[in-house]
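Structure first, then comments.
Each chain gets a letter, A, B and so on, in the order its sequence line appears, and its residues count up from 1. This structure is a prediction, so every number in the text was calculated from the model and none was measured.
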Protein chains: 2
Amino acid sequence: MEISIKQEATCEQELVAIRDSLEILGGKWKLRIMRYLNNHIDEKNTFKKIQREVEGISAKMLSKELRELEINLLVTRTVMDTRPITVNYAMTEYGLSVFPVTETLVEWGLNHREKIK
Amino acid sequence: MEISIKQEATCEQELVAIRDSLEILGGKWKLRIMRYLNNHIDEKNTFKKIQREVEGISAKMLSKELRELEINLLVTRTVMDTRPITVNYAMTEYGLSVFPVTETLVEWGLNHREKIK
DNA sequence: CGGAATCCGGCCCGATACTG
DNA sequence: CAGTATCGGGCCGGATTCCG
């Protein structure tokens with residue numbers, strides 16, 4: 001008879017998991033883009049509109065970050081049949097799962113600023 | 001008569017708070033150092049010992065990261081009266097507060113790796 | 001032993017120009 | 001409108017050397 005033991009993640013696996021998380025949360029733009037999309041759910045969020053409203057981002061960075069978010073299943077990309085074509089971006093259901101994580105970062109960060117001031 | 005309204009953190013304040021958190025959690029070494037210290041609470045954790053056991057870190061980085069952690073009240077630095085002198089480092093009570101945050105990063109990261117594989 | 005100083009490479013990111 | 005291409009700066013982090 002086999003004895004099944006639930007394995008804890010090893011320290012190294014945990015560090016990999018943290019790195020995975022920070023790859024999404026750690027950059028300069030991904031979170032800003034996702035927060036913008038999340039605050040404008042009912043609108044058509046075209047590339048140009050996102051670039052206008054996510055302050056300071058260049059087309060190159062926006063393109064690159066959106067592609068990475070799409071690969072990570074956090075946002076969807078939809079080419080609209082307009083002239084000229086427009087492309088809409090939106091958060092996925094799964095993408096919403098980042099926000100509870102960022103919320104803990106916000107809380108710790110706010111508390112930390114109080115602590116060290 | 002003044003009306004006092006409890007302010008929510010603005011979007012910009014939240015982004016600052018996240019940046020503050022990532023300044024601690026986002027680098028390559030701070031978390032590894034803190035995890036090591038936390039797993040060896042009852043030992044004397046000298047500079048050299050930490051450098052041996054936190055795999056791959058250079059003296060320059062270890063020195064710099066420890067200084068930043070100390071400034072942020074997350075670790076203590078204690079010069080011991082030995083010949084030659086040794087210096088001990090340890091997590092502060094407050095420093096322990098980072099671990100619940102990293103735990104959420106671990107959980108999201110593990111789940112995310114499942115999701116996109 | 002516990003650092004500081006210096007040099008250096010990679011890569012994240014910005015600015016600008018161009019394309020379908 | 002929705003991107004790509006190219007150039008380049010800044011900064012994080014590595015390697016090496018030196019000091020009290």
Looking at [X], does any N or O in its side chain come under 4.0 Å of the phosphate oxygens OP1/OP2 on [N]?
X       : N      : answer
A:Tyr89 : D:dG3  : yes
B:Thr46 : C:dC1  : no
A:Ser63 : D:dT4  : yes
A:Arg77 : D:dG3  : yes
B:Arg67 : C:dG2  : no
B:Lys28 : D:dG14 : yes
A:Trp29 : C:dG14 : yes

Whole Å only: how far is the [atom1] atom of [X] from the [atom2] atom of [N]?
X       : N      : atom1 : atom2 : value
A:Lys64 : D:dA5  : NZ    : P     : 14 Å
B:Glu55 : D:dG13 : CD    : C1'   : 17 Å
B:Ile50 : C:dG3  : CD1   : C1'   : 13 Å
B:Leu62 : D:dC12 : CG    : P     : 17 Å
A:Lys60 : C:dA17 : NZ    : C1'   : 13 Å
A:Met61 : C:dC11 : CE    : P     : 15 Å
B:Ile85 : C:dA4  : CD1   : C1'   : 14 Å
B:Ile57 : D:dA15 : CD1   : P     : 12 Å

Could you check which of [options] has an atom nearest any side-chain atom of [X]?
X       : options               : result
B:Phe47 : D:dA2, C:dG2, C:dG14  : C:dG2
B:Lys48 : C:dC13, C:dC1, D:dG14 : C:dC1
B:Thr86 : C:dC1, D:dG13, C:dG14 : C:dC1
B:Val87 : D:dG14, C:dG14, C:dG2 : C:dG2

Inset, instruction - Provide the closest heavy-atom pair for A:Tyr94 versus A:Leu73 in the form atom of the first, atom of the second, distance. - result: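 Smallest interatomic distance, heavy atoms only, reads CD2-O, 3.6 Å.
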Legend entry - Whichever of A:Lys49 and B:Ala59 has its nearest DNA chain D nucleotide further upstream toward 5':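 Final value for this comparison: A:Lys49.
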Inset, instruction - Side-chain contact test, heavy atoms from C-beta onward, threshold under 4.5 Å: evaluate it for A:Val79 versus A:Arg77 and give yes or no. - result: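 A:Val79 vs A:Arg77: side chains touch.
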Inset, instruction - Could you tell me whether B:Lys49 and B:Glu43 make a salt bridge, using a distance below 4.0 angstrom between a side-chain N and a carboxylate O? - result: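 Salt bridge present between B:Lys49 and B:Glu43.
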Legend entry - Sugar-phosphate, base or nothing in reach of A:Thr82, heavy atoms under 4.0 Å: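 No contact.
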Inset, instruction - State which residue, out of B:Thr102, B:Asn39, B:Leu96, B:Val98, fulfils the side chain to side chain contact (heavy atoms under 4.5 Å, CB included) condition with B:Met34. - result: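 The side chain to side chain contact (heavy atoms under 4.5 Å, CB included) with B:Met34 is passed solely by B:Val98 among B:Thr102, B:Asn39, B:Leu96, B:Val98.
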Legend entry - B:Leu69 side, atom CG; B:Lys64 side, atom NZ - distance, nearest 0.5 Å: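 Those atoms lie 11.0 Å apart.
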Legend entry - Inter-residue atom distance A:Ile18.CD1 - A:Leu25.CG, 0.5 Å rounding: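 Between A:Ile18 CD1 and A:Leu25 CG, I get 11.5 Å after rounding to 0.5 Å.
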